[in-house]
Amino acid sequence: MINTGDTAFILAAAGLVLLMTPGLALFYAGMVRSKNVLGTILQSFIMIALISMEWVYLGYSMSFGPDVGGVIGDLSWFALNGVTTEPSPDYATTIPHTVFMIYQCMFAVITPALITGAFAERVRFGPFVLFSLAWAVLVYNPVCHWIWGAGGWLGSRGVLDFAGGLVVHLTCGAGALAAVMVVGPRKNFGRANFMPHNLPMTLLGTGLLWFGWFGFNGGSALAANEIAAVAFVSTHLGGMAGMAMWTLMEWLRDDKPTTLGAASGAIAGLATITPAAGFVGPNSAIIIGLLAGLCCYFAVSFKNRLGFDDSLDVVGIHGLGGVIGTVCLGVFASKAVNPGGADGLLAGNPDFLVTQLFGIMVVGLYAFIVSWILCKVIDMAIGMRLDTDSEMVGLDQAEHSETAYNT
Amino acid sequence: MINTGDTAFILAAAGLVLLMTPGLALFYAGMVRSKNVLGTILQSFIMIALISMEWVYLGYSMSFGPDVGGVIGDLSWFALNGVTTEPSPDYATTIPHTVFMIYQCMFAVITPALITGAFAERVRFGPFVLFSLAWAVLVYNPVCHWIWGAGGWLGSRGVLDFAGGLVVHLTCGAGALAAVMVVGPRKNFGRANFMPHNLPMTLLGTGLLWFGWFGFNGGSALAANEIAAVAFVSTHLGGMAGMAMWTLMEWLRDDKPTTLGAASGAIAGLATITPAAGFVGPNSAIIIGLLAGLCCYFAVSFKNRLGFDDSLDVVGIHGLGGVIGTVCLGVFASKAVNPGGADGLLAGNPDFLVTQLFGIMVVGLYAFIVSWILCKVIDMAIGMRLDTDSEMVGLDQAEHSETAYNT
Amino acid sequence: MINTGDTAFILAAAGLVLLMTPGLALFYAGMVRSKNVLGTILQSFIMIALISMEWVYLGYSMSFGPDVGGVIGDLSWFALNGVTTEPSPDYATTIPHTVFMIYQCMFAVITPALITGAFAERVRFGPFVLFSLAWAVLVYNPVCHWIWGAGGWLGSRGVLDFAGGLVVHLTCGAGALAAVMVVGPRKNFGRANFMPHNLPMTLLGTGLLWFGWFGFNGGSALAANEIAAVAFVSTHLGGMAGMAMWTLMEWLRDDKPTTLGAASGAIAGLATITPAAGFVGPNSAIIIGLLAGLCCYFAVSFKNRLGFDDSLDVVGIHGLGGVIGTVCLGVFASKAVNPGGADGLLAGNPDFLVTQLFGIMVVGLYAFIVSWILCKVIDMAIGMRLDTDSEMVGLDQAEHSETAYNT
Amino acid sequence: MKKIEAIIKPFKLDDVKEALNGIGIKGMTVSDVKGYGRQKGHKEIYRGAEYEVDFIPKTKLEIIVDAAQVDQVVDTIREAANTDKIGDGKIFVLPIEEVIRVRTGEKGREAI
Amino acid sequence: MKKIEAIIKPFKLDDVKEALNGIGIKGMTVSDVKGYGRQKGHKEIYRGAEYEVDFIPKTKLEIIVDAAQVDQVVDTIREAANTDKIGDGKIFVLPIEEVIRVRTGEKGREAI
Amino acid sequence: MKKIEAIIKPFKLDDVKEALNGIGIKGMTVSDVKGYGRQKGHKEIYRGAEYEVDFIPKTKLEIIVDAAQVDQVVDTIREAANTDKIGDGKIFVLPIEEVIRVRTGEKGREAI
Ligand SMILES: Nc1ncnc2c1ncn2[C@@H]1O[C@H](COP(=O)(O)OP(=O)(O)O)[C@@H](O)[C@H]1O
Ligand SMILES: Nc1ncnc2c1ncn2[C@@H]1O[C@H](COP(=O)(O)OP(=O)(O)O)[C@@H](O)[C@H]1O
Ligand SMILES: Nc1ncnc2c1ncn2[C@@H]1O[C@H](COP(=O)(O)OP(=O)(O)O)[C@@H](O)[C@H]1O
C-alpha cells in the first residue's frame, strides 16, 4: 500500500539525484581549461538524454526486470511495460513502482557521467556518446542487476552495497582506468600546467553534489524511515570527515590547505560512505570518511608521480572510494544499526568482509575488462581522440562550435 | 484532514518552484552580453517581490477566490483573509490552504519573469515593472481562474492543463510576442552578433530549472500520490526527449550538437510536457518531448530568418511549447493513466482534442491582445525602451549603476 | 511513533540547510575581490567539516543534552552516545532522534560561517579556524541550549525564537561586531573601492539561500504540519517584502534600484522573519519584512559613513535583522496563529515583548563579550591578520596557493 | 611602416573595423583596456554607498600600416569612432623599424 | 610627444594614478598583463601536486606626455610604484610621431 | 634598446617562452589580445543560427632587448611559434629611447 511520506521522500530524492548531474558537470568543468568548459559540461548533461532513453527501453528491464539466471533481467519490461503506479512486490513496496524506476534512472544517468573526468579535454563527442551508451548497457546494467536486481547473483551471495559503492563508484572508476589506458594522456601532459580555469565553479558543483548526495544515499533506504535517517547522517559525516582529513593532510604536508582540496576530500568522503551509508553508525561513518580523505589524497598525489593522466581523478577518488567504502562496510557493518543489513568484522563476522572483497574483485575486474574492450574497439573503429589541432583549439570550438565566455 | 506526506511534498514543491526563478535568471543572464547581466537577473528576481506582494493582496483572490460568473474570483480573500491552515474544500484538500496558496504564488511569480527573455537588453526598469504588474493582474490572474479556479469557465468546459501549458507557457509566450512587436529589436540587430556572454551560467540555470520543474509538475498533483508519480516521470522523460531531439537535429543539420542546444531542447521538452504531465503515460511523454525538440528547434531557426528579435526565444520555446503540449494532451490523454483526467484522440475521444484547441485559441488570443494593449499604452505613456546611449552602455550601468564583473 | 511525512520533511529540510552554506559561500565570494574568492569560499565550506565534527563530539550534547542548571547540556551524549533512531522524548517526537540531531547540526555549521563576512579579505586561515571552533563551543552551544535546549533558562523564561533570530543571527552579528573591532579595517579601506568581483555569483548565492531558508524556517516546525505551513509562508513573505523595501529605498534615494540591493533586502527580510516565522500571520510577516528592508538599508548606509569595516555587512543585516525580528515577534506574535506560541503586544500582552527584549539583551551582550575576548586572545597570541604583503596579494595565493580564475 | 594605436569606445569596434575594411585594411590586433581621462567616470551604487569609478572600459586597436596610408587610416578611424562626446578616444602614431610574418619570414610591406 | 609604458604591480595602480594626478597628468590607459622576469613566480597546489606559475599578474600603464615631461613622469611613477622588492617593474620610453584626439581631430599637445 | 612585439597563437606561448630562455632572454610581458587578419575566423552555432566570429584569440609578447639581440630573438620566436598555418602571427620591432627599472632606477641595458 502506498505511503505518502515515503513517496514524497523518494520523489524528492529522485530530484536531488538528477541535480547531481548538473552539479557534476560544474564540478568537472571548473577544473578544465576555459577552451574545454562546454564540452566537459555537455559530456555530463547529454547523459540525461542518452541514458534516460536507454533506461526506458532497455536499462530498467535489464537491471531490475525478471531475473534470468541471476545474471541479467529479461526484457519483458521494455518501454516500462507493466511498470505502473502500483508498488512493485520486489522493490520499494510502499511507493509507486514508477517512482522506484525513475529514482534508479538517475543513478544510471550519473554513473557514466562520472567517467568523463578521466578523459577530459581530449575525446571526440560522437565516439564518446557511443562508448557511454555501450558502457551503460554492458557494464552498468548487468552489475546493477547482480547486486540490486531481485535474484541477482552477487546480492544473493550476500554482497551488500547500500547506494552504489560497487554499482556506481567502482564501475565508473574501473571504466575510467580502462579509458585512460586506451585514450592516453593530453598533449603536453607533464610539460604544461593544466590549471583549473574556474575553481568557484568547482566549489559550486561540490555544494550541489553534496546536497544531491542526501537523495542518493538517504533515498536508497527507499522509505522515510530509520534507515533513511542512518544513511542521511552517515552521508553527512562521511563527507565532512573526508574534507577534514584531506585539508589536514595538505596542511601538514604543503602547509597550505586548499579549496580544491576541501572539495576533493568531501567528494572522496561522500563516495566512500556510499556503500556503507545505511549499514553503519555515525562514528564508523566518520572513520570511513577520514580513511577516504587520507587514502584518496595519497592516491591522487601518487598518480601525479605516475604520469598517468586520469585528468580529474576518477580512479583515485571514485574508484578507490568505492573500494575502500565496500571494504569498510565489511568491517563496520552492524545489525544493531540496520537489522536488514549484516554484521561485519568488528561485530565478529569476518565472512561478510570476505564476501565484500569477493564483490569488489568481481565487479572491479568485470567493469575494467569490458570497459577496456569497449573503448579499444571504438577507438580502433572510429578513434576516440581529437586530432592535435582540435585538442589545441579546445573541445568547445572544435566539437561544438561554441565559446563558453564572451566579453 | 491534513496528510503529513502530502504537506511535506507540496512544501518541498513550492520551494522547488521558487528556485526556478533564480534558475531562470541565470539561464537568461548567461545568454545576454556582459553589460546586461545584472539587469537581466534583476528582471527575474524582482518578480519575487513584486508578484508575491500582488498575490497576497490581489492575485490569489482573483485567481482562486470565490467565482464570479466563471470569469474571475472576487476579492473576498484580500490579504489572505480566510485563507488559513485549514485545508480548502476546493483545492488540495489534504494540505493546509496556505500551502496551496504559496505554492500557486510561485507559479504567478515565474510566469512574467519568463516574458523578460523576449525584450532582453533593451527595456527600462520602471516601465518594465509596471508592465509586469499590470500583466499579472490582467492576464495571469484571469486565465489562471478560467482554467484552475473553482468555477472557471474554461475548466468547466473541460479544458485541461495539468501544470501550466496554457496558464503559464502560452500566456507568457503570447505576452512575449506582443511585447517584442511593441518594443522592437535591439540596436544593430542582424548586424552585430549578440553572443551569449557566459554559457556555463546558462547551463547551471538549466540544471536548476529542471530540478525545480519536478516541483512545478510533480507538485501539481497536489499530493504525494500516483498522479504525482505519473507527472514526475513524464516531466523527466519529456525533458530528456526534448534534449535528445534538439541535439540530434543540430547534429544532422550543422553536424555539431551544441551545449546551448541541449539546454534549449531540455527546456522546450519540459515546457511542452507541462500541461500533459499528469495525464499521459511515459511513452507518450517521450513522444511529446521529441516533438517539442523538433518543433522548437525549427521555430527558433526560422525566427532567425524572420529577423524578429525575440531575444531569448520565449515565443519559440515557451509559447510554442505550451501550444504543442496542450494539443498533444488532447491526443495522448488517457483515463487509464489518470482517472481524474480525460481520454484523448488516441483513446477514441476527438471531442477532447477540440476542447483543447478551443482553450489554446481563447487563451492565446486573450493573452496576446491584452498584452499588446498594455505594452503599447505603457510605451506611449512613458516609453519602454532605453535611449540608444543607455542601450550601448548596457542595462547594468545605465539602469542600476552596477557592474557585474570587476577584476 | 515515527511519522514518515514528518521524517521526509525534516530530512529534506536538513539537506536544504546544508545547501545554505555553499550558498552563503557564493553570496559572500561574489562580493569580494577576485584575489580573495577562494579564501572566502573556504571560510564557509570548512565549517561543514570543522563544526560537524565538533557537533558530534561536543556541540550536540552541550546544546541539547541533559540540562545542567539551565545553562548547558552535560556531555553524556558525547559521540552521539544514546542518540539513536528512536524519537527523542524532548525534541521532535515524531522523527528519529538522529534526524533532529543532524538538522540542528546544519544550523551550528552555518552560524560561524555567517561571521566570516565581517572580516573578509584579511584574516589568516589558521587563527580563523581556531576562532570559529572556540566560538562554536563558547558562544553558539550555550546560547543554543539556553533557548532551545530542554531546560534552557531563557526558554524557560518564555523567550521565543522560532528558527534562530537570537541563536543564529544575533550571535553571529554580535560576534561579527566584536571581530571587526579587534581585527580592524582592510588596508586602504575608505581610500580604494572594494568593488564586488562577481555579482551574478552573489545573486546565485541569494537564490540558494532563499531556497534553503524554507528548510531553515519551515523545518523548524519539526513536522510537516500547520506550523510548518505558517513558517514557510511567512518566510517567503518576509523575504520578498525585504527585497521590495530595500529596492524601493534605493529607487527613492539614488533613483536606481540595484541587483545587490534586491539581494541584500531579501537576505535582510529572511533573517529578520526567522525568529518569528512560525508565530505570526502573513500580514505581520510582510510588515516585518518591510521593516527589515528599511532598517537594514539605513544601517548599512550609515555604517559606510562610520568608516567601520564590517566588510559584507554581517552586523547591519544579520545582527540587526535578528534584533528587529525578535522585537517584532514580541509585537506580532499571536496564539491564534500558533497555539504553541505566545501572544504579543498587539494581542494585548506587553510582558512577552519585555521578555523578548530581555532575551536580546542577554544574548547580545553575552555573544559580544565572549566573541571579543576570544578574538582578542587569539589575536594577541598568534595574530588574526595577514601581513600587508599577503593582504595585497590576496587570500587565495597567500593562504591557499591557489588562483580562482585562470584563462 | 608605422604603428597606429587607437583607443576607442568599445561599442564602436564593429563600425571602425568595417570602415577600415572599406579602405583595404585587412589586419589589426585588438585588446580591452581601461581608460582614464577627461571623460567623467560613472558612479556605482554598492549597498547604499556611491563610488566613483574613474577607469572606463575602452578598446585598443593596433594597426601596422604602410607609412603612406597613415593619414587615411587615421581619418577613417576618426570618422567611424566619433560620437562627438568626450571620451571618444585618441589615436597615436608610432614608428616601426621592422615587421616580420612568423609563418613565412616575409618582411615589411609583404608581411602585412 | 613621448609614450611612456610602465609595468607595475597591480596593487600599486591607485598610488601611481594619484601621484600622476599630482603632477598634472590627467590621462592614461591601463591594461592587465602577465609578467615574466627575475621575480620568482609563485607555486600553486593542485590536488597534492605543486606547480610553478611563472607568469605574474602585472598592470601596464600607457601614458602619452610631452617630451619635456618625460623625466618628471618617470620619476613620479618610480617613487609611487616602488616597494624595493624584485618585480616592481619597468618603465619604457617610446617615441611618438603624432597624437590625434578622435572627437576634435586636435593634434599633438592639444590632443592630450 | 629595441622593443619586440610578437602576436602569436596562444598555445604556442610555452614553446616560445622556453625557446627564448634558451637564448638567455629572461624577461617579457604577455597579454591576451584578439586578432583579425587573413586567417579565417571560426563559425559559431547559436540556436540553429550560424555566426562568423572573425576576431581570433591571440597572445601578445612584449620583449625589450638590446639592439644587438634583435635578429636572434626574432628568429627564435619565428621558429618556436611557427606552425606553417595562416595566423601564426607577426613580429614588430619598435625603437625604445629609454628603459628604467622601477626598483633601482637603473637604466638601459642594466635595467633588463
Ligand atoms: N595622456 C594619455 N595617455 C594615454 N592615454 C590617454 C591619455 N589621455 C587619454 N587617454 C586615453 O584616451 C581615452 C579618452 O580620453 P578622454 O580625455 O577621456 O576624452 P577625449 O578622447 O575626448 O579626449 C581615455 O579613456 C584614455 O584611455
Ligand atoms: N625584457 C623585458 N621585456 C619586457 N618586459 C619585461 C622585461 N623584463 C621584465 N619585464 C617586465 O617587468 C616585470 C618586472 O621585472 P622583474 O625582472 O621581475 O623585476 P624587476 O622589475 O625588479 O627587474 C616583469 O614581470 C615583466 O612584466
Ligand atoms: N596590419 C596588422 N596590424 C596589426 N596586427 C596585425 C595586422 N595584420 C595581422 N595582424 C595580427 O597578426 C595576426 C595573424 O595575422 P594573419 O593575417 O591572420 O595571418 P599571418 O600571421 O599568417 O599573416 C592577426 O590575428 C592579428 O592579430
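As a basis for the values below, the full set of heavy atoms in this structure was taken, side chains included, without hydrogen atoms, waters or symmetry mates. We name chains A, B, ... by the order of the sequence lines, and we start the count at 1 in each one. If you're wondering where the values come from, they're calculated on a predicted model, not measured in any experiment.
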Q: Count the heavy-atom pairs under 4.5 Å between each of Ile8(E), Asp54(E), Ile56(E), Ile4(E) and chain F, then report the option with the highest count.
A: Asp54(E)

Q: State whether Asp88(E) and Arg101(F) are salt-bridged, where the test is any N-O pair (Lys NZ or Arg NE/NH1/NH2 against Asp/Glu carboxylate O) under 4.0 Å.
A: no

Q: Between Glu79(E), Gln39(E), Glu5(E), which has the largest tally of heavy atom pairs under 4.5 Å with chain F?
A: Glu5(E)

Q: Only pairs of heavy atoms separated by less than 4.5 Å count here; which of Leu94(E), Ile7(E), Ile91(E) has the most with chain F?
A: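 Heavy-atom pairs under 4.5 Å are most numerous for Ile91(E).
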
Q: Which one wins on heavy-atom pair count under 4.5 Å against chain F: Gly87(E), Ser31(E), Pro95(E)?
A: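 Counting heavy-atom pairs under 4.5 Å, the top option is Pro95(E).
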
Q: Could you go through the salt bridge (Lys or Arg N to Asp or Glu O under 4.0 Å) check for Lys34(E) and Asp32(F) one step at a time?
A: CA-CA 9 Å; Lys34(E) 288 195 173 131; Asp32(F) 300 325; 5.4 Å; no

Q: Need one label for Lys58(E): side chain, backbone, both or neither, based on atoms under 4.5 Å from any heavy atom in chain F.
A: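 For Lys58(E), no heavy atom lies under 4.5 Å from chain F.
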
Q: Return all side-chain donor-acceptor pairs below 3.5 angstrom for residues 69-78 of chain E, not counting sequence neighbours, or 'none' if the list is empty.
A:
unit_1: Thr76(E); atom_1: OG1; unit_2: Gln72(E); atom_2: O; d: 2.6
unit_1: Arg78(E); atom_1: NE; unit_2: Val102(F); atom_2: O; d: 2.8
unit_1: Arg78(E); atom_1: NH2; unit_2: Val102(F); atom_2: O; d: 3.3

Q: Under 6.0 Å from the six-membered ring centre of Phe92(E) and within 45° of its axis: does the NZ or CZ of Lys3(F) meet both?
A: no

Q: Do Leu20(F) and Tyr36(E) have side-chain heavy atoms sitting under 4.5 Å apart?
A: no

Q: Sort Ile64(F) into side chain, backbone, both or neither according to what part of it lies under 4.5 angstrom from a heavy atom of chain E.
A: side chain

Q: With the side chain counted from C-beta on, respond yes when Ile86(E) and Arg103(F) share a heavy-atom pair under 4.5 Å apart, and no when they do not.
A: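 Yes, their side chains come closer than 4.5 Å.
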
Q: So what's closer than 4.5 Å to chain E heavy atoms on Glu62(F): side chain, backbone, both or neither?
A: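 Answer is side chain: those atoms of Glu62(F) sit under 4.5 Å from chain E.
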
Q: Quick check for you: to the nearest 0.5 Å, what is the distance between Lys60(E) atom NZ and Thr29(F) atom OG1?
A: 7.5 Å

Q: Decide yes or no for Arg38(E) and Lys26(F): does some side-chain heavy atom of the first lie under 4.5 Å from some side-chain heavy atom of the second?
A: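 No, every pair of side-chain atoms sits at 4.5 Å or beyond.
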
